[in-house]
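The analysis underlying the following values was restricted to heavy atoms, covering all of them including side chains, and did not include hydrogens, waters or symmetry mates. Whatever order the structure lists them in is the order used to number ligands and atoms, beginning at 1.
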Amino acid sequence: MILERQNVINLRKLQSQLGDMENRPRLAELSKLIKMYQLYQAGQKEISTKLENLDSEFQVNYDYNPIHHMESRMKEMQSLLQKADRKGYELTAESIQKNIYDIAGIRVITNYLDDIYNVEKLLTKQTDVTLLKRKDYIANPKASGYRSLHLVVKVPVFQAEGPVDVPVEIQIRTIGMDMWASLEHKLRYKTDVDSSLVNKYGDQLKGYATELEQIERGMQKIHKDLI
Ligand code: GTP
Ligand code: MG
């Protein structure tokens, strides 16, 4: 059996990581935050497993996998606290749980456009999954040209004292949308790129987003006709 141990945050390590952060939470609060973090990691695993199971069921029933691959990430504790601070939230586990939804994140990369909405439907109709937020940047792309379906769902995690609902952020997008977003992200976050180049490439990428959408729709149709 392969046992994969979770990367546990250590109180002392976290204290030193936070160093001279101005509003650094006290020790008792940090320990609550670490407990909360473990809970979110567990929620992320619950949703990942559900998605893997859906994909396997499809494979058996239709000889086809809607999910190309998945990536999951936990927001680093340090950047979580920085984000909460920046947004003016209290740096307590309670306030962070109430206000920040992207602590645990899963990105689902699908083969085709229709797979995005199929995965959404099949996941959110499960009785223990509740949809909290939904932003459809495919129907309404961002000004940059960015497209993806963003969901926040909650799922119960069974703890020693009983179930606790945990929110998990899910971004669902096609391979084409993912390729586009990675390149656009690089352009946006690389600080040493000349601003005129950023504008030029930004416009170019916006045009490509529309072209990619047309290509993906065309390829989806061919794929459907071949089934
Ligand atoms: P935050 O509190 O900032 O997370 O606000 P939000 O959840 O309302 O953000 P939003 O839904 O706009 O997007 C969250 C994530 O989507 C980002 O972290 C990126 O991964 C992705 N994203 C959003 N807009 C863009 C974009 O224009 N380009 C790229 N490459 N990614 C984007
Ligand atoms: Mg977000």
J.: Might you point out which heavy atoms bring Gln44 and Ser72 nearest each other, and give the distance in Å?
T.: NE2-CB, 3.5 Å
J.: Report yes if the side chains of Lys87 and Asn99 come closer than 4.5 Å at any heavy-atom pair, otherwise no.
T.: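 Contact flag for Lys87/Asn99 side chains = no.
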J.: Have a look at ligand 1 and work out which part of Arg107, if any, has a heavy atom under 4.0 Å from it: side chain, backbone, both or neither.
T.: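 Only the side chain of Arg107 comes within reach of ligand 1.
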J.: Just to be sure I read this right, does ligand 1 sit under 4.0 Å from the backbone of Tyr101, its side chain, both, or neither, counting only heavy atoms?
T.: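 Under 4.0 Å from ligand 1, Tyr101 contributes no heavy atoms.
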J.: Check ligand 1 against Ser144 and write out every atom of the ligand that is under 4.0 Å from a heavy-atom position of the residue.
T.: 26 (C), 27 (O)
J.: Below 3.5 angstrom, do we get any N/O pair linking Arg173 and ligand 1?
T.: no
J.: Checking side-chain contact (heavy atoms from CB on, under 4.5 Å) between Gln126 and each of Leu54, Asn53, Val155, which is the one that passes?
T.: Leu54
J.: Using the rule side-chain hydrogen bond (donor to acceptor under 3.5 Å, both in side chains), only one of Arg188, Lys206, Arg173 pairs with Tyr146; which is it?
T.: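 That would be Arg173; it is the only one of Arg188, Lys206, Arg173 passing the side-chain hydrogen bond (donor to acceptor under 3.5 Å, both in side chains) with Tyr146.
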J.: Nearest non-hydrogen atom to atom 7 (O) of ligand 1 belongs to which of Lys135, Lys142, Arg147?
T.: Lys135
J.: Give the atom numbers and elements of ligand 1 that come within less than 4.0 Å of a heavy atom of Ala181.
T.: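 Numbered from 1, ligand 1 contributes 30 (N).
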J.: Report the relative orientation of the aromatic rings in Tyr112 and His223; use parallel for angles under 30°, tilted for 30 to 60°, perpendicular for over 60°.
T.: parallel
J.: Distance under 4.0 Å to a non-hydrogen atom of His150: what atoms of ligand 1 satisfy this?
T.: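 Those qualifying, in numeric order: 11 (O), 13 (O), 14 (C), 15 (C), 16 (O).
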J.: For atom 19 (C) of ligand 1, which candidate among Lys186, Gln171, His185 provides the closest heavy atom?
T.: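 Looking at heavy atoms only, Gln171 sits closest to atom 19 (C) of ligand 1.
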J.: Identify the heavy atoms of Ile34 and Met77 that sit nearest to each other, and give their distance.
T.: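 Distance-wise, the nearest heavy atoms are N-CE, 3.9 Å.
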J.: Provide the full list of salt bridge (charged side-chain N to carboxylate O under 4.0 Å, His left out) pairs with a residue in residues 214-227, sequence neighbours left out, each pair given once.
T.: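 For residues 214-227, and leaving out neighbouring residues, the salt bridge (charged side-chain N to carboxylate O under 4.0 Å, His left out) pairs sorted by first residue read Asp114-Lys224, Arg147-Glu216, Glu213-Arg217, Lys221-Asp225.
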J.: May I ask you to test the Thr92-Lys32 pair for a side-chain heavy-atom distance under 4.5 Å?
T.: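 A side-chain contact is absent here, since even the closest heavy-atom pair is not under 4.5 Å.
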J.: Any chain of hydrophobic side-chain contacts (each under 4.5 Å) joining Met36 to Leu18?
T.: yes
J.: May I ask you to check whether Lys87 has an N/O atom sitting below 3.5 Å from an N/O atom of ligand 1?
T.: yes
J.: At less than 4.0 angstrom from any non-hydrogen atom of Tyr137, what atoms of ligand 1 do you find?
T.: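 Result: 10 (P), 11 (O), 12 (O).
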J.: Measuring from atom 28 (N) of ligand 1, which candidate in Lys133, Glu184, Lys83 has the nearest non-hydrogen atom?
T.: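 Nearest option to atom 28 (N) of ligand 1, by heavy atoms: Glu184.
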J.: Need the ligand 1 atom indices (1-based, order shown) with element for anything under 4.0 Å from a heavy-atom of Arg188.
T.: 26 (C), 27 (O)
J.: Using a 4.0 Å heavy-atom cut-off, which part of Asp102 comes near ligand 1: side chain, backbone, both, or neither?
T.: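 Only the side chain of Asp102 comes within reach of ligand 1.
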